[in-house]
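Since the model is a prediction, treat every value here as computed from it, not as a measurement. All residue numbers in this chain count up from 1 along the given sequence.
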Amino acid sequence: MQSEDSGAEDMDKDHALVNPPGGKETSGPVKSHAEKKLKNELKKAKDKSFAEPVIEYLIKRCGEDEGLSQDVMQEHKTWEKCYDYIYSQAQKSAQKGARSCAVRDDIVCEWAEDYYHKDDKVEEERKAKKAAESKKKAEERKAKAKEEAAKKAVGAKENQDTKAPDKTEAVSGGPKKGHAKPKKNTRDMEGQMDMFSMMDI
């Protein structure tokens, strides 16, 4: 009887390890899932020469520290964000005005571990919400600009349609309706040449 109870307790412990708070449901020891996640992120890493030694260090540390494994398994934690964190830490440690700085490997690995231990879920959610709002506003501006462009196009077409008859009359060369050709005043033109009559206008 006692062995059954201890077996049930072990199953509950395994379930707690496999399903860390705030993480995805997994089916196996959390350490192996953390290792798998890090290896997948290494495959996707842009700068593999930098990512490989740091991720291998993290995999080794996950084997030693279950808490780190659980932190790695948080959904919002990614290698890309870890890389950005390391980069920002390096910028802070650089001398003012310096374009680059050298950082020891062990320090870089500590920063990587610090990133995964950092409780930044609320901050990440805030950033995601802000990014979603910015995207929504940009889409609204784009839709509004498209709508205004369509209105302008319709207005330009209407203006063109109303002006079109005048243009065709002018192009045809014929007199406009309701405008009679002026009669020549021969009395005022005695002794003068009429240029228009020479051109038969």
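S69 contributes a side-chain N or O that, together with a main-chain N or O of C62, makes up a donor-acceptor pair within less than 3.5 Å. Judged by distance alone, the side chain of Q74 and the main-chain N or O of D71 form a donor-acceptor pair under 3.5 Å.
By the neighbour-count criterion of 12 heavy atoms within 6.0 Å, atom CG of D119 is sparsely surrounded, having that number or fewer from other residues, nucleotides or ligands. For CD of E80, the number of neighbouring non-hydrogen atoms (other residues, nucleotides, ligands) closer than 6.0 Å is 12 at most.
Note: C82 SG to D114 CG = 9.5 Å, rounded to the nearest 0.5 Å. Distance check: T78 OG1 to D84 CG gives 8.0 Å after rounding to the nearest 0.5 Å. Separation of atoms OH (Y116) and CD (Q70) is listed at 15.0 Å; rounding is to 0.5 Å. Taken to the nearest 0.5 Å, the CD atom of Q89 stands 9.0 Å off from the CD1 atom of I86. The line from CG of D105 to OH of Y57 is 11.5 Å long, rounded to the nearest 0.5 Å. Atom CZ of residue F50 and atom OH of residue Y87 lie 11.0 Å apart, to the nearest 0.5 angstrom.
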Extract all donor-acceptor atom pairs below 3.5 Å that involve side chains of residues 128-154 and protein atoms in other chains or at least two apart in sequence.
unit_1 : atom_1 : unit_2 : atom_2 : d
S134   : OG     : K130   : O      : 3.1

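Contact record, K118 with K77: O-NZ, 2.7 Å, taken as the closest heavy-atom pair. Nearest approach of P29 to S32, heavy atoms of both residues: O-OG, 2.9 Å.
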Worked check of side chain to side chain contact (heavy atoms under 4.5 Å, CB included) between I55 and W79: CA-CA 8 Å; I55 289 178; W79 165 251; 3.8 Å; yes
Working for side chain to side chain contact (heavy atoms under 4.5 Å, CB included), residues V72 and L58: CA-CA 9 Å; V72 166; L58 289 168; 5.6 Å; no
Side chain to side chain contact (heavy atoms under 4.5 Å, CB included) evaluation trace for W111 with V54: CA-CA 10 Å; W111 287 340; V54 180; over 6 Å; no
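Sorted by first then second residue, the salt bridge (charged side-chain N to carboxylate O under 4.0 Å, His left out) pairs that include residues 45-63, not counting sequence neighbours, are K60-E64, R61-E64, R61-D65, R61-E113. For residues 32-44, the set of pairs meeting the salt bridge (charged side-chain N to carboxylate O under 4.0 Å, His left out) definition, not counting sequence neighbours, comprises E35-K39.
Linking Ile, Leu, Val, Met, Phe, Trp and Tyr whenever their side-chain heavy atoms come within less than 4.5 Å puts V108 and L68 in one cluster.
The aromatic ring centroids of Y115 and Y83 lie 6.0 Å or more from each other.
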